[in-house]
Each structure stands twice: as C-alpha cells, then as structure tokens.
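Heads up: the structure comes next, in structure tokens.
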Amino acid sequence: MEIQFSGAAREVTGSCHIVRAAGKTILLDCGLFQGRRKESQEKNLRLPLPVEEIDVIVLSHAHIDHAGRLPFLVREGYRGAIWCTAATRDLAAIMLADSAHIQEKDAEFLSRRQREAVPPLYDGEDAKRAVDCMIGVPYDRQVEILPGISVTFRDAGHILGSASVMLEAREDGSTTRLAFSGDIGRSGLAIIRDPRPLERADVVIMESTYGNREHEPVTGARDELARVVRETAGRGGKLLIPAFAVGRTQEIVYDLHELMLDGQVPRIPIFIDSPLATDATAVFEAHPEVFDRTEDLVRTTNKLFHFDAVKYTREVEESKKLNTMRGPMIIVAASGMAESGRIVHHLRNGADDPRNTILVVGFMAEHTLGRRIVERRPTIRLFGEEIPLRARVEILNGYSAHADRTGLLHWLDAVKSTSPSLERVFLVHGEPEAQDALAADIEQRGLTATCPLPGTHAAL
Ligand SMILES: [Zn+2]
Ligand SMILES: [Zn+2]
C-alpha cells in the first residue's frame, strides 16, 4: 500500500489522499481548497491525478472542504463510484448544488472583470452527476468496493452522516488496514451521536484541526445561549445569529427547542431565514436513523426542528418583512462568517440598535465581516456603507463540531488499544502549529507521527 498526500496537507482545506493498493487507486475525499481567492483557485484547478487513473472514490462527509471538488472530477470525466453514507449523499446533494451556484457566480464576476469568458470550476449539472455517482451505505457494515478492497464507515460524530473510514486491502495473501479519521466530532453534540473510533488499524491518517486547543464544554454553550436569548428578549431586541446553513443552524434550532420546552427562555419567534438551511433541515428529518437516541428530545419527539415558535422563510419577500417587524425575535441566517447571504441584510438593518444582539456561534476567519464583529469594531462596512456597531456582540465557543486536543487523543488512544501492529500516524487537516503540537503528544505514546507535505508519498 502507498499513500500520496494531495490536499489538506499542512493546511485545513482541500482534503484529498490517494491510496494505491492491490493494483488499484482509491481516492479518499476530494474537497475544495478555501482561503485566499487566487491561491485556492489555482489549487482547485489542479487535478490530484488524471481521472482515468482513479478506480474508486470514498467520501468521509459532505462538508465542502471534503466533497467540493467531486463535481470537478466528474466534469473532467470521472464516472466511477463514490462511496459514502446515505446521509452524506443527501447532504452532499444540496451542498454541492449550492457550491456549484457559488462557482457559477464567481465565474460570472471574473468574466465581467477580466472582460473574457472564465468558465466555472463546475456547474449545477456536474454537481448532480457527482451525486448520481454516490452510493450510500450504512455505518458499520463492511462493503467490498473493488476486488480485494473493502471499506467500513464508522460514525465520526462531526456532522450528519460523517464517517471515519476503515479501508482494507488484501494483496499477495496479506491484509493492510488503513484508518482514515475524516473530521472527528465531539461527544455531547446535539442531534448526532458521539464519535466512535475504528479498530485494528495498521496505519492511521487523522485530522488535527484543533491539535493544540481545548474547547469550552458543549453544555456550557447551551446555558450561554439561554442567557443571551433572555437578555435580548428582555430588551425587546432582535437576536441575530450568523450560522452555517448545514449543521450549526439545526443545532441552534434543536437547543432553542429544548430551552423553550424547559421554560429556560421565553417563547419568542425564531426565523430560520435561509433556503439552504430549510433544505438541510429536511435532509436531517429524513435521516433519524443516525440521530443520537440517548438524547431526551430525540427520544420524545419526532418533530425536532418544527415547533410553534419556529418559522422557515424561503422567499425573499418573507425575508424582507423581517426588517420591519419589531422584536423580540431570533433570526438565524447564513452565511456563517457573515460574508454573504441574508444575514448581511439583517446586520445592515439591526447592527446599529443597542437593543439587538449579534451572537457569534462559529469560527470567523480573518478578513471576514464576522471577524470584524468579533473584534467589536466601532463601525462595520455593509453594502459600501459604514454602519455603527451598537448591537451587543456575544461569542460562544462551545459550538465547534471538531474534537479538541483531548478529543483527538482520546480517539487515537481508543484506536491504538485495539491495534497491536499500529506504528505510524499521518496527520492531515491542520495548520502547522496545531499539527506539530499534536504530533509531539502522539510521539509520547510510542507512535511515529508524521505531518506530510502536499505531494509527498508514504510506502507502507
Ligand atoms: Zn468537516
Ligand atoms: Zn474538514
């Protein structure tokens, strides 16, 4: 077996690893590179390898940094299978359609600026065809995907349908078991189950996003959310929450549902103002088989995301009406970093009102509007206008969907405890500082930890 690290090597995005075994070539993930526009555009246009060399693709989960280049591979001629869980397939259908839309818009913008036709990386048709290649399988069932090659998906507890993958290759009478962590989630996250480790691995490829950080506990985040809702409602204000449409929005709705049932917050109207979030919620509702049955709300109701206080707004006109409505109310809208989407309109309308609160529940990257809000700048620029930031700004760090340092080591320790032949761990999906810190922790456990550079190979 040989592994070639193609993406998410010494960085977080562009997850893509090429495995060659039993005379076959298997691609683990093929995600978009995100970050500085020009640099990531160049990387996204470079194929990890000629498509005719790919025999099969295995996808860990639907996030764009893992699935986002699959339509590009299809556009370039890939027609093979893409194996994933059933929930990942359904989430990928809406996320790749959305990504295609963004690619098309970007290409339009560039064409106008450069005065020449710039084709998009892919379009809606390519996204659809990529989803047509996807075969959804249940967790914990070994499936033979090629002669001599099998996979097992194990719940990674990160987003709906997310998986760690055990890839087993039989060649020349011996078997090699490669454990690919995918993105590892956290214990105690709402709706989805806790991460479950793989076993009997000969080699591990694992993520390291928060390899040098500890998160605040999940339960603390819910209490903080309750406090912020109560205070904002008390002022008669609007609570504006920029949130990713898939995952974070459903968690917030779930927590608000629970808090309202418990009487911990007043029953003020909640508007989920995002067509993508509305679609994503429907996908969640279609996959109760992957919900966490140990959670009270999951056990006691089958309407997790629909209750009297919550309303999903799809049409632009409905969204605009929210501007003229008076608080108290909660508005959850994309995009997560407040760079685009309907949240920008709500911020323009509400950022200057001291009764309102802007609640940050996700990571805000540098150079985004979200980051400027986190920094509590005196004014923020919206649609070319400087708006005074008088609304309160509250930041909740407990909603991360990624394991922290302790969580990552916990996962690896569990894998190690069943894997007598495990010696080597390859760290991917992390910034260098996080990776180096985690590598040092892993070496202390008597394993060899490597942080491969993009393009490097490892023979096993
Ligand atoms: Zn992810
Ligand atoms: Zn990721």
Side-chain angles (χ1 to χ4, degrees), residues 5-17 27-35 40 43-44 48 57-70 82 84-85 87-92 94-96 98-99 139 153-165 179-187 189-196 204-211 213 215 243-251 276 280 283-284 290 334-337 361-363 365 399-405 407-408 411 426-432 434-435 438 451-452 454:
F5 299 92
S6 173
R10 295 303 257 173
E11 63 178 315
V12 173
T13 65
S15 178
C16 185
H17 317 296
L27 214 58
L28 296 174
D29 288 350
C30 197
L32 267 189
F33 291 96
Q34 294 158 310
S40 39
K43 284 159 124 180
N44 285 329
I57 299 175
V58 179
L59 172 63
S60 66
H61 65 291
H63 272 153
I64 287 303
D65 62 316
H66 296 257
R69 268 189 303 161
L70 293 172
I82 301 170
C84 57
T85 67
T88 291
R89 183 183 193 274
D90 291 349
L91 268 190
I94 58 169
M95 294 178 81
L96 293 179
D98 185 61
S99 173
Y139 286 117
F153 293 99
R154 176 68 46 84
D155 203 329
H158 167 63
I159 63 161
L160 193 84
S162 67
S164 301
V165 180
F180 170 45
S181 72
D183 285 0
I184 302 171
R186 302 172 70 190
S187 297
L189 283 185
I191 313 160
I192 56 173
R193 289 186 293 241
D194 293 351
R196 285 184 53 221
V204 169
I205 301 177
M206 80 180 278
E207 69 121 321
S208 50
T209 318
Y210 290 109
R213 267 179 52 184
H215 294 318
F244 289 108
V246 179
R248 192 57 40 85
T249 293
Q250 289 75 25
E251 280 170 31
L276 183 62
V283 174
F284 271 70
V290 297
S335 72
M337 297 194 196
V361 290
F363 178 72
Y399 275 103
S400 175
H402 277 275
D404 57 10
R405 173 180 166 274
L408 290 169
W411 184 89
F426 296 98
L427 295 182
V428 296
H429 202 291
E431 301 286 344
Q435 294 202 306
L438 189 67
C451 308

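Order of appearance sets the numbers: ligands from 1, and atoms from 1 within every ligand.
Judged by distance alone, with hydrogens and angles left aside, the side-chain atoms of R186 form a donor-acceptor pair with the main-chain N or O of S400 at under 3.5 Å. Using a distance-only test at 3.5 Å, with no hydrogens or angles considered, a donor-acceptor pair links the side chain of D29 to the main chain of S60.
Backbone or side-chain N, O or S atoms of H61 reach the Zn ion (ligand 1) at under 2.8 Å.
In this pair, F5 and F426 present their aromatic rings tilted. The plane angle is within the 30 to 60° band.
By the 4.5 Å heavy-atom criterion applied to side chains, T13 and L32 are not counted as neighbours. In this structure, the side chains of C451 and R10 come closer than 4.5 Å at one or more pairs of heavy atoms.
Summary: OD2 is the N/O/S atom of D183 found nearest to the Zn ion (ligand 1). The atom name of the N/O/S atom in H63 closest to the Zn ion (ligand 1) is ND1. Restricting D65 to its N, O or S atoms, the one at the least distance from the Zn ion (ligand 2) is OD2.
Here the Zn ion (ligand 2) is the vertex; the NE2 atom in H66 and the NE2 atom in H429 give an angle of 100° (to 10°).
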